[in-house]
Amino acid sequence: MQDQGTGSYSRGLGLEATEQAIVLMLMDEESTGVWWRPDVEQEIGDADDVRDALASLQRCGVVHVQGEMVAVSRAALRTSQLLI
């Protein structure tokens, strides 16, 4: 049986929902904006979904991925601040 993670952020609805869950994790007011990939995978529950979502978010400039570290981009953070 596949590990389902803690489900705190996971929606289980495909790539876009996984991307949204990751962005919510990174931008959570209690977050520093930096997570480790294994922690993201644990929260989401599917390493393949996380890999695909992080690659998509990185291509769009929403996150920076450096090795195992995942960080929200300053541009994404500022956009979020402006929209709230």
Going by side chain to side chain contact (heavy atoms under 4.5 Å, CB included), name the residues that satisfy it together with [X], two or more places apart in sequence or in a different chain.
X: Q81; result: L77, R78
X: T79; result: L83
X: V62; result: V23, L57, C60, A76

Atom pair [atom1] ([X]) and [atom2] ([Y]), whose distance is rounded to the nearest 0.5 Å:
X: I22; Y: L54; atom1: CD1; atom2: CG; result: 4.0 Å
X: L24; Y: E43; atom1: CG; atom2: CD; result: 12.0 Å
X: L15; Y: Q20; atom1: CG; atom2: CD; result: 10.0 Å
X: L26; Y: T32; atom1: CG; atom2: OG1; result: 8.5 Å

For I44 and M25, which heavy atoms make the closest approach, and how far apart are they?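 In this case the closest contact between I44 and M25 is CD1-SD, 4.0 Å.
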If you take all heavy atoms of G61 and S73, which pair is closest and at what distance?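 Scanning both residues, the minimum pair turns out to be O-OG, 2.8 Å.
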Which other residues end up in the same hydrophobic cluster as M69, if Ile, Leu, Val, Met, Phe, Trp and Tyr are linked when side-chain heavy atoms come under 4.5 Å apart?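 Taking Ile, Leu, Val, Met, Phe, Trp and Tyr as members, M69 shares its hydrophobic cluster with V34, W36.
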side-chain hydrogen bond (donor to acceptor under 3.5 Å, both in side chains) partners for R74, two or more places apart: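 Applying side-chain hydrogen bond (donor to acceptor under 3.5 Å, both in side chains) to R74 gives none.
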Listed by chain and number, what are the side-chain hydrogen bond (donor to acceptor under 3.5 Å, both in side chains) partners of S56, not counting sequence neighbours?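 By the side-chain hydrogen bond (donor to acceptor under 3.5 Å, both in side chains) rule, S56 matches E19.
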Mind jotting down which residue pairs meet the salt bridge (charged side-chain N to carboxylate O under 4.0 Å, His left out) criterion with at least one end in residues 51-68? Sequence neighbours excluded, please.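 Found D48-R51.
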